[in-house]
*Asks:* 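Pasting a structure below so you can have a look.
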Amino acid sequence: MSREDRRPPAAELFDVLGADYEKAFAHAPAHRAALEWLIERLPPAARTLDVGSGTGRPTAAALVEAGHSVLGVDISPVMVELAARQVPEAEFRCADIRELPLEEGAFDGVCVFFSLLQMTRTEQTALLGRLSSALRPGGHLVLATVPADVEDVEVVFMGQPVRATSFAEEDVVGMVEAAGLTVLSRSSPVFTPDHPGAGPEPHLFVHCRRDVPGH
């Protein structure tokens, strides 16, 4: 089996989707609102991590515009190339976040926008724990996902077959809390991507903080 044959499904999917993904989701109001929520809580010149950074827009672009440094991590080389071109002020790395070393307390803010859905439940839970540890105490994390009690089911996403795993809403919240994060607020909007044949999708946005010990 060649190295190419072992590429993660998420890399293959988002290599194909490329800029079409940005067009389909760029104007999601809840995504913008979650970014604004995070930016309001970041200290000046904050260090931020964008997990599944895609094309760099809107997330990395908004963080850079607000004066923060951004490390974007994405498994798709096509997405990383697009992001580096569109948001040259940020740093983008083509890597599997499940394997990337993360320094304790390295970041003031972390964004996880729809980047867990092709991981197993065990991987999602483990990653949230690592992302929590990578936040400085008092730092904030925003998580977005599609809440559903499904495990390794095949769905069609923007015309492409994909296998997806998620949790029901209360279980997402439980996973976040088990990672050592406090849920400050959440919203459950419905969004229809700007893509032919797309239907309304339930989304869940969870706004969290890593509490300072003793507070």
*Asks:* If Ile, Leu, Val, Met, Phe, Trp and Tyr residues are connected whenever their side-chain heavy atoms lie under 4.5 Å apart, and connections chain through other members, are V142 and L184 in the same group?
*Replies:* yes

*Asks:* For E123 and R98, indicate whether the former's side chain and the latter's backbone hold a donor-acceptor pair under 3.5 Å.
*Replies:* no

*Asks:* Would the distance check show the side chain of S76 and the main-chain N or O of M79 forming a donor-acceptor pair, the cut-off being under 3.5 Å?
*Replies:* yes

*Asks:* If only atom types and distance count, is the side chain of R130 paired as donor or acceptor with the main-chain N or O of L100 below 3.5 Å?
*Replies:* yes

*Asks:* For V87 and F92, work out which heavy atoms get closest and say how close.
*Replies:* O-CE1, 3.4 Å

*Asks:* With distance as the sole test, does Q124 use its side chain to make a donor-acceptor pair with the main-chain N or O of M119 at under 3.5 Å?
*Replies:* yes

*Asks:* Measuring only between side-chain heavy atoms, which start at C-beta, is L127 closer than 4.5 Å to I97?
*Replies:* yes

*Asks:* Under a 4.5 Å side-chain heavy-atom rule over Ile, Leu, Val, Met, Phe, Trp and Tyr, are V176 and V112 clustered together?
*Replies:* yes

*Asks:* Under 3.5 Å, side chain of T165 to main-chain N/O of D152, donor-acceptor pair present?
*Replies:* yes

*Asks:* Is there a donor-acceptor contact under 3.5 Å from the side chain of S166 to the main chain of V146?
*Replies:* yes

*Asks:* Going by atom types only, do H68 and T48 share a side-chain donor-acceptor pair under 3.5 Å?
*Replies:* no

*Asks:* Is it true that a side-chain atom of T145 and a backbone atom of L204 form a donor plus acceptor pair closer than 3.5 Å?
*Replies:* no

*Asks:* Can you see which heavy atom on D74 is nearest to which on G52, and at what distance?
*Replies:* OD2-C, 3.3 Å

*Asks:* Salt bridge between R210 and E104, side-chain N to carboxylate O under 4.0 Å?
*Replies:* yes

*Asks:* Given 3.5 Å as the limit, does a donor-acceptor pair link the side chain of S69 with the main chain of A46, or not?
*Replies:* yes

*Asks:* Which atoms form the tightest heavy-atom contact between C111 and T59, and what is the distance?
*Replies:* SG-CG2, 3.8 Å

*Asks:* Angle between ring planes, H31 versus F114, binned at 30° and 60°: parallel, tilted or perpendicular?
*Replies:* tilted

*Asks:* For the CD atom of Q86 and the CZ atom of R57, what is their distance to the nearest 0.5 Å?
*Replies:* 3.5 Å

*Asks:* Quick test of your reading of the model: are E81 and R85 salt-bridged, counting only N-O distances below 4.0 Å?
*Replies:* yes

*Asks:* Donor-acceptor pair, D149 side chain versus F167 backbone, under 3.5 Å?
*Replies:* no

*Asks:* Using a strict threshold of under 4.0 Å (side-chain N to carboxylate O), is an ion pair present between R47 and D108?
*Replies:* no

*Asks:* Is there a side-chain contact between L42 and L63 in this structure, where contact means two heavy atoms from C-beta onward sitting under 4.5 Å apart?
*Replies:* yes

*Asks:* Examine the side chains of T182 and D211 and answer whether a donor and an acceptor come within less than 3.5 Å of each other.
*Replies:* yes

*Asks:* Does any N or O in the side chain of H207 come within less than 3.5 Å of the main-chain N or O of S185, such that one atom is a donor and the other an acceptor?
*Replies:* yes

*Asks:* Side chains of S188 and E169: is there a donor and an acceptor less than 3.5 Å apart?
*Replies:* yes

*Asks:* Taking side chain as C-beta onward, heavy atoms only, is L143 less than 4.5 Å from L116?
*Replies:* yes

*Asks:* Among the clusters formed by ILVMFWY side chains lying less than 4.5 Å apart, do L131 and L71 turn up in the same one?
*Replies:* yes

*Asks:* Measuring only between side-chain heavy atoms, which start at C-beta, is F113 closer than 4.5 Å to F205?
*Replies:* yes

*Asks:* Does the pair L141 and L135 meet the rule for a side-chain contact (heavy atoms from CB on, under 4.5 Å), with working shown?
*Replies:* CA-CA 8 Å; L141 178 146; L135 267 180; 3.9 Å; yes

*Asks:* Mind listing the closest non-hydrogen atom pair of A83 and G56 along with its distance?
*Replies:* CB-N, 3.7 Å

*Asks:* May I have the step-by-step check of side-chain contact (heavy atoms from CB on, under 4.5 Å) for T120 and E151, ending in yes or no?
*Replies:* CA-CA 8 Å; T120 68; E151 200 162 0; 6.0 Å; no

*Asks:* CD of E36 to CZ of R32: how many Å apart, nearest 0.5 Å?
*Replies:* 8.5 Å

*Asks:* State plainly whether the residues R186 and E170 are in salt-bridge range, i.e. N to O under 4.0 Å.
*Replies:* yes

*Asks:* Is the shortest heavy-atom distance from the side chain of V173 to the side chain of D171 under 4.5 Å?
*Replies:* no

*Asks:* Atom CD of residue position E89 - does it have more than 12 heavy atoms of other residues, nucleotides or ligands inside 6.0 Å?
*Replies:* yes

*Asks:* Does the side chain of L49 come within less than 4.5 Å of L102's, by heavy atoms?
*Replies:* yes

*Asks:* Please tell me if the side chains of E201 and V190 come closer than 4.5 Å, counting only heavy atoms from C-beta onward.
*Replies:* no

*Asks:* Return the minimal non-hydrogen interatomic distance between V64 and A90, and the atom names on each side.
*Replies:* CG2-CB, 4.0 Å

*Asks:* Less than 4.0 angstrom from a charged side-chain N to a carboxylate O is my criterion; do E91 and R93 meet it?
*Replies:* yes

*Asks:* Kindly indicate, with the supporting measurements, whether the criterion side-chain contact (heavy atoms from CB on, under 4.5 Å) is fulfilled by V51 and V73.
*Replies:* CA-CA 5 Å; V51 178; V73 179; 5.9 Å; no

*Asks:* Kindly compute the distance separating CE (M175) from CG (L128), expressed to the nearest 0.5 Å.
*Replies:* 4.5 Å

*Asks:* Is W37 linked to V172 within one hydrophobic cluster, defined over Ile, Leu, Val, Met, Phe, Trp and Tyr using a side-chain heavy-atom separation of less than 4.5 Å?
*Replies:* no

*Asks:* Which atom names give the shortest non-hydrogen contact between S53 and G72, and what distance separates them?
*Replies:* OG-C, 3.3 Å

